[in-house]
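Okay, structure first, notes after.
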Amino acid sequence: MASSKIESFEDFVEVHGILLAASGIPSSLYRQLFQKLSTETFDGGNFFQVEPCQEGRQRKLLLTSDFMEKESQVFLIDHAWTFRLSDARKQLQEIPGLAQRMASLMCVDLDLTSDSEEVNLECKDVHENDTKGKLEEIIETEIHEAQEKGSDDVMWLELDELDIDDAMLSSLDLSNKFPNLVALSLFGNKLQNAETVVQEVSKFKNLRALWLNENPVLQNCDGQMEDAILQGIQRLEIYNSCFTNKFSQWALGFCGGIYGKDNPGCFDYTVRPLESVTSLDLSNRCIHNLLNETFSPTELPSLSYLNLRGNPLDQNSVTDLLKLLKEFTCLRSLEVDIPGPLGRSAIEILESLPSLSKMNGVSASKILETGKHVIDSMLQPHLPKWTPDDSLADRVIGAMWLYLMTYRLADEEKIDETSVWYVMDELGSALRHSDEPNFRVSPFLFMAEGKLASAISFTVLWPTQNVNKGEECTRDFLFGIGEDKQRSARLRAWFHTPQSYFIQEYGKYCQQLGSRSSVSTSLSAEVPSTGSLIRKDGSLLRVYTDIPQVDEFLTRSEFVLTNDPKDADIIWTYMQVDEEVKKATGITDRQYINQFPFEACLVMKHHLAATVQKAYGSPEWLQPTYNLETHLSQLIGDYSVRERDRLDNLWILKPWNMARTIDTTVTSDISAIIRLMETGPKICQKYIEHPALFHGKKFDLRYVVLVRQICPLEIFLSDVFWVRLANNPYSLDKRTLFEYETHFTVMNYIGKMIHKNTPEFVMEFEEEHKVKWLDIHQRIRKMIRAVFESAAMVHPEMHSSTSRAMYGIDVMLDSSFQPKLLEVTYCPDCTRACKYDTEAVVGNGETIKDTESAFCSMSEAEGVKCWAKISGLRASSDGSSDPPF
């Protein structure tokens, strides 16, 4: 049945049984689903309507039928775009109409609509006006309006988006015209020179609010301009929409709707202007300290609604903040970041503030009843950003992570295929998020011919709650993912979540790493050096192997091959030998084997990072690395700090335990980083944005290390390393990030492999960069030793007197020629060299002979077979070693 065409409902259930169960579709809907799949019925338009929202920058889905009962209907959603990540940009550029449709679906074509010509004409008219004349007209109008109100002073002046530049600001002489100005807005102008801006605005000694938002000067200067302005205007309470540390009742009154252009403010502090304020929105005001004498129950006795979202409040403890808020006896509704400065749990906050009836728009009783610890229903969505110069492909690439879904094909023939990403059609993509959704979606592969090869992908939609006409239809973007899987942090992919919390978590993480130092181990004194396997009586050593290269090249007279692992003295195998395998094969602890126990602490990427970090904290040779399954919050904090400080923010994501760069991605998009967690556990590592280049191309180096024992550490390093070159010139242009042959160096599987042998590379590299390779090699060797020392320190249980193993060490150089560790790989393939290195593997280590040449000139194939021309590169347990070349 598995390969015959599906003709009946019974056939459908039999073939798709596992898929149906995995999708979560109620069994009562199976038959309806079969009917719609068989006839390709897309009838969602009869029940739903897509409407614009967020000023046209998003769409939402509304129910148009009178009523839809829970689990009563199932709908097919088509896939508008299906691709593998590496093909995304190419498809957008080459498939006719695809970029246009995706741009429209993702609402990133708003400036390209039919109204654009009219908008351009209006802009042209504005630019053609005499800007200064218009400014003078505005100023005269402001003076006239003030006089009509019986005042000679203009106290509130808004000069927004008028193309005011530095020279014009100086020539306006605003401080003489309006000496008592309380609020000045210069939003969206063309101010660029910090010195000019500081000089002019500092003349307003009574200014309480200043807005310079969206002026180039904010991008061209550092914090010195802000410091100068705050020093020059002593009474300033709001600067660029943020509260200064001098905020008082005026700033609170502005946010409470008391003060504005029509009422610039009363500065008679004998009155209490805030006592009538019931609602106060302090969101995103960059408030660090809320324990202010003005923000108190005495000054705000009637406060019933308070919004504190988006403020770090990092100068206040959780205890002090909760104690303060508890004193506001009329407070009934609170908006706050969760996790955030009031804690991680909504329930804990409600227990501390029992008078609250709502938190983040959700009923307090409902939160306590359902046990929800995190509220995400009121988060503000990320809206795509673009510039008029961005191509449609660029716009779509930037916005797509807000819409993508994924699945992976994993049959016997495609077990390691990369994940498939897709965008639902316009109806499906209009489903917005809710933590209390009324619909659910699931990808589904329909195998009409009974086999995967002919499967067609759909998404299935069905109601999980009763829905009434006009209600918005929503889904949970993180269905099944709770706080145990970092739900709050993962919501950052779609929503503005509290940066302050993540920055604090990052700070704690940095402190932990900084406090770690090398952990000493006494095992080196307790465990003797490993002796030789070679028998004094000259009897042969029996070797079992399942590796063809060992079988072919192990020709030395001291060894004989056996087909039975139980009879072997030495076992050299691809398979992981654990207790279960030992029991099944009869392998004992007295037999020598080509692997160490617990070596996963090195060869799995997340364990490698943890091992090094536990031993050394943040060594220079390990890029900042985060296990996304456990440290996503800390990564987001690091990303946020870099974003705030305008540092480079390019990262590389690597699966824990996959080779050949499968599912490895380079991106600067935090939403992409979080969404890529859906394709399997990964580490996220700071990308080496400025690597050393070889003839303009990126490269890395594969070294091979033989580990003879862990404690005391005894390792051998081959003189021969393999240079792996990218095919394309290196570039940081964002359009190249999907280009495998630009950013990756492993060309064995993709692209044309360019061979460069060791001596040739060294000679050309020294000539190109005017450096001595010996100096670089010394740093690399020191780093490699530190890697294995970290394993010996943190995991002494790795030691086994009957273990030997070879490992591949991948190293990259930065632009200062400092080595960076990429990964450690378990390297059974390296045993192709056993024709040369058997004595090193099983001997006493003192009889290794130098090769005739420090560098071996050989082809790639020959090189892999000859890695162990070791030439005296033995690194001893005390850190000393023979000369490297």
Side-chain angles (χ1 to χ4, degrees), residues 209-213 218 222-223 225-227 229-230 236-248 251-252 254-256 280-296 306-326 328 331 334-346 348-349 352-353 359-360 374-376 378-380 382 486 488-492 495-512 631-647 649 670:
L210 173 65
W211 292 277
L212 297 171
N213 312 58
L218 296 181
D222 51 26
M225 185 179 82
E226 179 178 351
D227 293 340
I229 289 175
L230 294 179
L236 198 64
E237 299 186 29
I238 297 177
Y239 174 69
N240 290 347
S241 304
C242 297
F243 278 20
T244 72
N245 58 12
K246 299 174 183 176
F247 80 89
S248 68
L252 294 175
F254 171 77
C255 293
L280 188 58
D281 184 353
L282 300 181
S283 60
N284 301 307
R285 294 292 176 182
C286 301
I287 302 173
H288 294 272
N289 184 3
L290 195 62
L291 301 183
N292 179 294
E293 62 181 13
T294 307
F295 184 79
S296 69
L306 175 63
N307 188 343
L308 292 174
R309 285 182 180 272
N311 293 293
L313 301 178
D314 48 2
Q315 296 178 15
N316 306 132
S317 68
V318 171
T319 302
D320 288 342
L321 288 171
L322 291 173
K323 181 180 178 181
L324 172 63
L325 294 178
K326 193 173 183 178
F328 288 85
L331 189 62
L334 178 66
E335 300 276 343
V336 64
D337 296 326
I338 302 176
L342 295 186
R344 291 184 58 86
S345 167
E348 291 175 4
I349 295 173
S352 300
L353 303 173
M359 181 173 291
N360 293 7
V374 177
I375 305 170
D376 33 72
M378 296 296 289
L379 295 174
Q380 293 301 307
H382 277 304
Q486 307 180 97
S488 296
R490 292 172 79 153
L491 282 167
R492 174 67 174 80
F495 299 98
H496 291 284
T497 52
Q499 282 193 343
S500 57
Y501 167 76
F502 297 117
I503 291 174
Q504 288 172 10
E505 290 298 296
Y506 169 61
K508 295 175 186 176
Y509 178 71
C510 290
Q511 288 178 352
Q512 291 173 359
H631 288 82
L632 178 59
S633 293
Q634 291 79 1
L635 165 69
I636 295 174
D638 191 345
Y639 184 96
S640 299
V641 169
R642 291 177 176 274
E643 188 175 50
R644 179 195 66 195
D645 296 342
R646 297 186 177 90
L647 301 176
N649 230 340
I670 189 63

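- K326 places none of its side-chain heavy atoms less than 4.5 Å from the side chain of L322.
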Handout entry: Evaluation steps, side chain to side chain contact (heavy atoms under 4.5 Å, CB included), between Q499 and E643
Key = CA-CA 11 Å; Q499 282 193 343; E643 188 175 50; 3.7 Å; yes
Exercise for the section: Might you work through the ring-ring contact (aromatic ring centres under 6.0 Å, His included) test for Y509 and F502, ending with a clear yes or no? Expected result: CA-CA 10 Å; Y509 178 71; F502 297 117; over 10 Å; no
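- The two atoms that bring N289 and F247 nearest to each other are O-CE2, 3.6 Å, heavy atoms only.
- Looking at residues two or more places apart in sequence or on another chain, you find no side-chain hydrogen bond (donor to acceptor under 3.5 Å, both in side chains) involving N284.
- Annotation: K246, atom NZ; neighbour count of heavy atoms from other residues, nucleotides and ligands within 6.0 Å is above 12.
- Within the model, atoms CG of N360 and CG of N307 stand 8.0 Å from one another, a figure rounded to the nearest 0.5 Å.
- At least one side-chain heavy atom of I229 sits less than 4.5 Å from a side-chain heavy atom of L212.
- Heavy atoms only, all atoms of each residue included: C255 and D281 are closest at CB-O, 3.4 Å.
- Considering every non-hydrogen atom in both L218 and Y239, the closest pair reads CD2-OH, 4.1 Å.
- For the residue pair T244 and L236, the shortest heavy atom distance occurs at OG1-O, 2.7 Å.
- With N240 contributing its side chain and C242 its backbone, the two residues share no donor-acceptor pair below 3.5 Å.
- Shown here for L308 and L334, the closest heavy-atom pair between the two residues is CD1-CD1, 4.4 Å.
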Handout entry: Stepwise side chain to side chain contact (heavy atoms under 4.5 Å, CB included) test for L306 and F328
Key = CA-CA 10 Å; L306 175 63; F328 288 85; over 6 Å; no
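- Between the side chain of D645 and the backbone N or O of L647 there is no donor-acceptor pair closer than 3.5 Å.
- Taking CD1 of I287 as the reference point, atom OG of S500 lies at 11.5 Å (rounded to 0.5 Å).
- Atom CG in L635 sits 13.0 Å away from atom CD in E505 (nearest 0.5 Å).
- Panel note: side chain E237, backbone S248; a donor-acceptor pair is recorded below 3.5 Å.
- From C286, atom SG reaches atom CZ of F243 across 10.5 Å, with rounding to the nearest 0.5 Å.
- The backbone N or O of G310 sits less than 3.5 Å from a side-chain atom of D337, completing a donor-acceptor pair.
- Between Q486 and S633, the shortest heavy-atom distance links the atoms OE1-N, 4.0 Å.
- Within the model, atoms CD1 of I238 and CG of L210 stand 10.5 Å from one another, a figure rounded to the nearest 0.5 Å.
- Exactly one residue among L291, L324, L342 makes a side-chain contact (heavy atoms from CB on, under 4.5 Å) with N316. That residue is L291.
- A distance of 9.0 Å separates CD in Q504 from CG in L313, rounded to the nearest 0.5 Å.
- In this view, R285 satisfies the side-chain hydrogen bond (donor to acceptor under 3.5 Å, both in side chains) rule with no residue, not counting sequence neighbours.
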Handout entry: side chain to side chain contact (heavy atoms under 4.5 Å, CB included) assessment of D320 paired with L290
Key = CA-CA 10 Å; D320 288 342; L290 195 62; over 6 Å; no
Practice task
Give the intermediate values and the outcome of side chain to side chain contact (heavy atoms under 4.5 Å, CB included) for residues L632 and R492.
Solution key: CA-CA 10 Å; L632 178 59; R492 174 67 174 80; over 6 Å; no
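- Only one option out of N311, D314, N245 pairs with H288 in a side-chain hydrogen bond (donor to acceptor under 3.5 Å, both in side chains); it is D314.
- Between I503 and the choices V641, D638, I636, the side-chain contact (heavy atoms from CB on, under 4.5 Å) rule is met once, by V641.
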